[in-house]
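A quick note: this is a predicted structure, and the numbers were derived from the prediction, not measured. Note that these values count all heavy atoms, side chains included, but never hydrogens, waters or copies made by symmetry.
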Amino acid sequence: MLSERRLEVLRAIVQDYVGTEEPVGSKALTERHALGVSPATVRNDMAVLEDEGYIQQPHTSAGRVPTDKGYRLFVDRLTSVKPLSGAERRAIGNFLDGAVDLDDVVARTVRLLAQLTRQVAIVQYPSLTRSTVRHVELLALAPARVMLVLITDTGRVEQRLVDVPAPVGETVLADLRARLNSRVVGRRFSDVPPLVQELPEGFEPDDRPSVQVVLATLLETLVEETEERIMLGGTANLTRFGHDFPLTIRPVLEALEEQVVLLKLLGEAKDSGVTVRIGHENFHEGLNSTSVVSVGYGSGDEAVAKLGVVGPTRMDYPGTMGAVRAVARYVGQILAES
């Protein structure tokens, strides 16, 4: 365990390196920070930090920079994330409140995160498997064709065309719509099948085959493994950090092009609380020079999807963690109110 003083020295090194992009020397540390000890003591503390793998010396410089291990300790020992200013909070609210549907919410969230953090933003669409039913609509398009519309608590809308074996009257359709909604609204998708199993028995024998086809389509929609969708934005921000990537930025860009990689990155985020993966903690080799800050968001206590940012390990962790958490909270509020 590091002493509190050496932890303070490490914090100062991380803050200065993130702020200046220059390796940090003991003289600069004592001039910029009230560490309360002599430059010689700071040099000794830096030597210990280097021996223990928290900082390292780039071969071209006399100063030191944090290692992945150093950033990890810095993040783990953060007492608080940086709160957003009132102006930033208002800007988030104003920007997201104008969204017209779920696609717009996700698109706005990506742009907002990229602008706030100046990193690459990733937002996952809400997962159907974690959603609850908000409403089921049935519309007659032709005597023997019905449109089924499933609306989730996250604002996601799934539409299916259903060809039924016999014409269905508006009265039957309205009856089925009412009975369906009375049973499934507010229910998790996994809870729905047994709730609608006996519904056809309440209809006239001639109407039951059509009711069964509509219900079968609804159940297929609920259990369908729909492709997880992700939206990415702000990739151009990485070009500002060219010197933060050892050889080239290409491996990072190639990793970000793979949907499976992005889903796995976000999948590591917890439902509540911000998750930070630093450098070599990332499973994908192309992202070993980056950090990923992510969090779950949702309309209630449970996350229905994840969002986050990817940037160089030389990152403003308190500010980035604060921004990611704040945006997730706002998106969750919008989904709850939509």
Side-chain angles (χ1 to χ4, degrees), residues 11-12 14-22 32-34 71 74-75 77-126 154-155 230-241 244 266 269-276 278 290-301 303-338:
R11 284 194 192 106
V14 171
Q15 289 166 3
D16 280 11
Y17 182 56
V18 168
T20 67
E21 305 180 28
E22 297 292 336
R32 292 182 193 140
H33 301 270
Y71 284 125
F74 173 80
V75 169
R77 297 297 292 269
L78 274 179
T79 52
S80 63
V81 299
K82 193 183 296 178
L84 297 185
S85 67
E88 286 173 321
R89 287 197 300 272
R90 285 191 296 276
I92 291 175
N94 292 339
F95 191 70
L96 292 180
D97 284 346
V100 296
D101 57 21
L102 183 61
D103 286 329
D104 198 16
V105 169
V106 173
R108 285 170 181 253
T109 302
V110 164
R111 292 206 306 276
L112 179 65
L113 260 182
Q115 289 168 12
L116 276 177
T117 63
R118 303 180 78 195
Q119 317 281 6
V120 180
I122 312 171
V123 179
Q124 179 187 20
Y125 275 77
T154 57
I230 274 188
M231 192 173 287
L232 191 71
T235 309
N237 284 332
L238 288 178
T239 59
R240 298 186 303 111
F241 303 106
D244 280 298
L266 292 182
K270 299 180 179 66
D271 281 358
S272 59
V274 178
T275 300
V276 182
I278 298 169
T290 70
S291 287
V292 181
V293 179
S294 54
V295 70
Y297 72 88
S299 56
D301 295 334
V304 294
K306 313 288 173 69
L307 58 79
V309 299
V310 179
T313 54
R314 187 185 61 79
M315 177 188 288
D316 171 17
Y317 289 98
T320 302
M321 291 163 71
V324 166
R325 192 173 67 179
V327 170
R329 192 179 297 131
Y330 272 93
V331 175
Q333 289 171 2
I334 288 170
L335 295 181
E337 294 164 4
S338 64

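Using a 4.5 Å heavy-atom threshold, the side chains of Lys306 and Thr275 count as separate. The shortest distance between side-chain heavy atoms of Gln15 and His33 falls below 4.5 Å. Counting heavy atoms from C-beta on, the side chains of Ile334 and Asp97 come closer than 4.5 Å. Contact of the Met315 side chain with the Val293 side chain is registered, since non-hydrogen atoms from C-beta on lie closer than 4.5 Å. In this structure, the side chains of Leu116 and Val324 stay at 4.5 Å or more apart for every pair of heavy atoms.
Evaluation of the salt bridge (charged side-chain N to carboxylate O under 4.0 Å, His left out) test over residues 79-96, restricted to residues two or more places apart or in two chains, returns Lys82-Asp316.
For Arg108, the side chain to side chain donor-acceptor pair (under 3.5 Å) criterion is met by Asp104, not counting sequence neighbours.
Here the closest non-hydrogen pair linking Pro318 and Val81 is O-CB, 3.7 Å. When all heavy atoms of Leu113 and Ala323 are compared, the pair lying nearest together is CD2-O, 4.4 Å. Heavy atoms only, all atoms of each residue included: Val292 and Val310 are closest at CG2-CG2, 4.0 Å. Closest heavy-atom contact between Tyr71 and Thr313: CZ-O, 3.4 Å. For Gly308 against Leu266, the heavy-atom pair with the smallest separation is N-CD2, 4.0 Å. The two atoms that bring Gly234 and Val120 nearest to each other are O-CG2, 3.8 Å, heavy atoms only.
For the atom pair CD of Gln333 and CD1 of Ile92, the computed distance is 10.5 Å after rounding to the nearest 0.5 Å. The CZ atom of Arg111 sits 4.0 Å away from the CZ atom of Phe95 when rounded to the nearest 0.5 Å. Annotation: the span from Leu307 atom CG to Leu112 atom CG amounts to 10.0 Å, rounded to 0.5 Å. Here OH of Tyr330 is found 12.5 Å from OG1 of Thr109. Values are rounded to the nearest 0.5 Å.
Without hydrogens or angle criteria, Thr320 side chain to Tyr317 main chain gives no donor-acceptor distance under 3.5 Å. In this structure, the side chain of Arg240 engages the main chain of Arg118 through a donor-acceptor pair within 3.5 Å. Side-chain atoms of Tyr297 come within 3.5 Å of backbone atoms of Gln124 as a donor-acceptor pair (strictly under, hydrogens ignored).
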